[in-house]
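What you see is a predicted model; the values in this text were computed from it and never measured.
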Amino acid sequence: MVVRVYFKREDDRELHPEFLVWRQGSHPRVLSFKNEEIGKLVSYSRDLAELVKQKVGGGK
């Protein structure tokens, strides 16, 4: 699976992330998120970063 993150500005307001997601043999899809969902994304990204640090730092 491939994920690319882009940031889009709507109506001269804040930047919002948009995700272009696809896997081999499928067409790319654009996923955008509402304001209330962005908080979850931030939390999930922190959790993912911590897991990666554990794997890389722990040599497991």
Side-chain angles (χ1 to χ4, degrees):
M1 177 175 279
V2 177
V3 178
R4 289 196 178 166
V5 181
Y6 296 93
F7 291 89
K8 181 177 179 182
R9 188 178 306 275
E10 292 185 15
D11 302 327
D12 294 330
R13 287 186 268 160
E14 295 179 22
L15 292 171
H16 293 280
E18 286 195 346
F19 294 78
L20 184 61
V21 181
W22 72 94
R23 56 183 143 171
Q24 188 173 0
S26 69
H27 294 286
R29 293 180 53 188
V30 176
L31 305 177
S32 40
F33 296 90
K34 299 176 184 177
N35 285 339
E36 57 271 9
E37 296 170 316
I38 292 173
K40 289 181 183 178
L41 290 174
V42 170
S43 175
Y44 297 156
S45 67
R46 288 183 184 137
D47 293 343
L48 177 60
E50 186 59 36
L51 286 171
V52 169
K53 285 179 190 176
Q54 290 174 8
K55 291 286 185 180
V56 172
K60 297 178 182 178

Verdict with supporting geometry, L51 and Q54, side chain to side chain contact (heavy atoms under 4.5 Å, CB included): CA-CA 5 Å; L51 286 171; Q54 290 174 8; 4.1 Å; yes
Criterion side chain to side chain contact (heavy atoms under 4.5 Å, CB included) on S45 and L41, from CA distance to verdict: CA-CA 6 Å; S45 67; L41 290 174; over 6 Å; no
Linking I/L/V/M/F/W/Y whenever their side-chain heavy atoms sit closer than 4.5 Å, directly or via other members, would [X] and [Y] fall into one cluster?
| X | Y | value |
| --- | --- | --- |
| V2 | L20 | yes |
| F33 | F7 | yes |
| V52 | V3 | no |

Taking atom [atom1] of [X] and atom [atom2] of [Y], what is their separation to the nearest 0.5 Å?
| X | Y | atom1 | atom2 | result |
| --- | --- | --- | --- | --- |
| E50 | D47 | CD | CG | 8.5 Å |
| R4 | W22 | CZ | CH2 | 4.5 Å |
| R9 | H16 | CZ | NE2 | 9.5 Å |
| L31 | E18 | CG | CD | 9.0 Å |

Nearest heavy-atom neighbours spanning F19 and V5: CE2-CG2, 3.4 Å
